[in-house]
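Both backbone and side-chain heavy atoms feed into the values below; hydrogens, waters and symmetry mates do not.
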Amino acid sequence: MTPHEPLLAHPWIARVDPAGTGGLVVTADPAATAVRHEPGRLPVLGDLVAEHLEHWGEVYDWTYSSGEGAHRPDLDLSGWRATGTGRPLPADHMAEWADRTAELVLRHQPSRLLELGCGTGMLLHRLHPHLKGYVGTDLSEHVVTRLNGLGLDGVTVVRAAAHEINGGTVRAALARLGERPDCVLLNSVTQCFPSVEYLAAVLHDAIGLVAPAGTVVVGDVRHSGLLDEHYSRLEPGSADRAAADTELLFDPATLAAVAASAGRRLTVSLFAKTLTADTELTRYRFDAVLHVEPPQSPPAAIRRWDELGPGPMAALARQGGPVRLTGVPNGLFEPGAPTGASLRAALAGTGGAVLLDPDDPMRLQVAIPAAAAATPPTRWREWAGRTSRSARSPGPG
């Protein structure tokens with residue numbers, strides 16, 4: 001018997017090869033990492049995928065039940081810590097993070113919302129007063145019990161994973177809304193997904209469920225194109241640390257390609273983080289809104305930042321009609337340039353929004369009004385074809 005044979009006997013392992021460092025490279029059996037999906041049915045998960053989700057459920061159940069980071073009911077920051085220091089992120093910064101996310105969701109005036117992975121309820125508390133009905137899901141039994149115990153009118157929270165949209169528990173809760181949800185929200189949960197295939201299964205079901213002219217909001221996504229920048233800023237020469245990151249990262253092109261294959265007409269809006277503090281949440285994450293069967297809108301005029309001369313924001317506001325400004329430098333990466341926060345302040349009263357450049361994650365764009373941010377997925381597929389590193393997934397396990 002070779003030293004590898006006990007490993008090869010495991011049903012989840014397909015092969016074992018020696019590594020140049022003296023270790024071993026273990027390749028999982030494709031069946032163990034598979035996500036088989038048919039519309040309208042629960043996805044069938046491979047054993048490693050199921051174990052990955054169970055692991056995250058245990059982690060968050062323990063984290064939430066510890067009560068560490070609970071400042072107040074609408075600001076329970078249990079589990080929120082900076083990557084570099086391991087210390088809790090500042091409460092005022094996290095409150096702004098939650099407020100900006102709620103504003104993004106409410107910009108589209110939803111009335112019936114399904115949130116997948118609601119966590120401690122930071123967004124629930126901010127959203128439910130503006131809704132006719134809210135259904136939340138989470139893997140943690142602790143937060144499900146706690147949030148239901150608040151007795152909030154029109155709110156139901158159930159224990160379910162993100163891929164269980166078509167499961168009986170979620171469907172029964174959604175039936176209480178009376179109609180299909182007009183918004184499905186996934187905020188700061190995709191990093192816990194085991195693979196892009198799992199992401200696709202979840203998004204296809206979310207897109208299939210949402211009512212016409214509704215939205216699917218995919219928020220607080222870790223950008224795969226900024227992973228190396230993130231770790232090099234924490235610790236120069238930290239390539240090994242970046243390679244050891246165990247979360248799912250992807251870029252806007254991957255998200256758009258997944259959404260475009262869902263079978264419904266849609267457009268995609270890509271938003272930059274505009275938080276005032278310079279943290280990893282501001283620098284390295286983005287929000288996306290998928291507009292499902294949206295009404296037709298006039299195309300936006302495209303202008304470039306370097307064409308507008310002095311006072312570009314004032315010139316943009318005088319443009320008239322939908323307009324999109326491209327090539328905007330980002331002060332978080334280019335000192336002296338505007339930041340997302342300063343652009344957001346300059347747009348006050350215009351109905352505009354600060355966008356992330358889909359080609360260059362270190363650059364920004366501006367849309368006036370915010371609806372001018374929406375882009376057809378045919379354009380996004382072109383971006384996907386040019387992207388060499390669109391997703392970074394370690395796989396489940």
Strictly distance-based, threshold 3.5 Å: is any side-chain N or O of [X] a donor or acceptor partner for the main-chain N or O of [Y]?
X      : Y      : result
Arg126 : Arg100 : no
Asp182 : Ser111 : yes
Arg112 : Gly133 : no
Thr339 : Gly331 : no
Thr282 : Asp278 : no
Asp357 : Gln365 : no
His204 : Val258 : yes
Arg180 : Leu209 : yes
Asp74  : Met122 : no

Tell me, with the steps shown, if Tyr231 and Thr83 meet side-chain contact (heavy atoms from CB on, under 4.5 Å). CA-CA 9 Å; Tyr231 280 104; Thr83 302; 4.1 Å; yes

Looking at side-chain heavy atoms only, is the closest gap between [X] and [Y] below 4.5 Å?
X      : Y      : value
Pro376 : Arg265 : no
Cys118 : Val157 : yes
Leu266 : Val216 : no
His130 : Pro110 : no
Asn330 : Met362 : no
Leu255 : Leu203 : yes
Arg324 : Thr375 : yes
Val210 : Thr215 : no

Mind checking the [atom1]-[atom2] spacing from [X] to [Y]? Nearest 0.5 Å is all I need.
X      : Y      : atom1 : atom2 : result
Lys273 : Thr279 : NZ    : OG1   : 9.5 Å
Thr350 : Ile368 : OG1   : CD1   : 4.5 Å
Leu123 : Glu115 : CG    : CD    : 5.0 Å
Glu54  : Glu51  : CD    : CD    : 7.0 Å
Phe193 : Leu248 : CZ    : CG    : 8.5 Å
Leu275 : Asp92  : CG    : CG    : 11.0 Å

Tell me, with the steps shown, if Val217 and Asp287 meet side-chain contact (heavy atoms from CB on, under 4.5 Å). CA-CA 8 Å; Val217 180; Asp287 300 320; 5.8 Å; no

Less than 4.0 angstrom from a charged side-chain N to a carboxylate O is my criterion; do Asp245 and Arg222 meet it?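 A salt bridge is present here (some side-chain N lies under 4.0 Å from a carboxylate O).
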
Hey, are Glu179 and Lys132 close enough for a salt bridge, meaning a charged N less than 4.0 Å from a carboxylate O?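 Result for this pair is no, no salt bridge flagged.
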
For residues [X] and [Y]: do they belong to one hydrophobic cluster (side chain heavy atoms under 4.5 Å, members Ile, Leu, Val, Met, Phe, Trp, Tyr)?
X      : Y      : value
Leu104 : Val268 : no
Leu147 : Leu139 : no
Val170 : Leu131 : no
Leu127 : Val155 : yes
Val184 : Leu290 : yes

Have [X] and [Y] got a donor and an acceptor in their side chains that come within less than 3.5 Å?
X      : Y      : result
Thr137 : Glu164 : no
His37  : Asp205 : yes
Asp76  : Ser78  : yes
Arg41  : Asn166 : no

Go through Leu281 and Trp80 one step at a time and tell me if the side-chain contact (heavy atoms from CB on, under 4.5 Å) criterion holds. CA-CA 11 Å; Leu281 301 186; Trp80 285 93; 4.1 Å; yes

Distance to the ring centre below 6.0 angstrom and angle to the axis at most 45 degrees; does that hold for Arg107 and Phe271?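 Judged by the rule, Arg107 and Phe271 form a cation-pi pair.
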
For atom CZ of Arg264, decide whether the heavy atoms of other residues, nucleotides or ligands shown that lie under 6.0 angstrom number more than 12.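 Yes, because the 6.0 Å sphere around CZ of Arg264 holds more than 12 heavy atoms from other groups.
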
So among Val202, Leu199, Leu114, which one has a side-chain contact (heavy atoms from CB on, under 4.5 Å) with Leu186?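 When side-chain contact (heavy atoms from CB on, under 4.5 Å) is applied between Leu186 and each of Val202, Leu199, Leu114, only Val202 qualifies.
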
Where is the tightest heavy-atom contact between [X] and [Y], given as atom of each residue plus distance?
X      : Y      : value
Ala373 : Leu355 : CB-CD2, 3.5 Å
Leu364 : Pro338 : CD1-O, 4.3 Å
Val323 : Ala372 : O-CB, 4.0 Å
Glu280 : Arg285 : O-CG, 3.9 Å
Tyr198 : Ala162 : OH-N, 3.8 Å
Val105 : Cys183 : CG1-SG, 4.1 Å

Check: Tyr284 ring centre within less than 6.0 Å of His230 ring centre: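 Under 6.0 Å, so yes.
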
Is there a side-chain contact (heavy atoms from CB on, under 4.5 Å) between Val35 and Leu45? Walk through the geometry before answering. CA-CA 5 Å; Val35 179; Leu45 308 181; 4.0 Å; yes

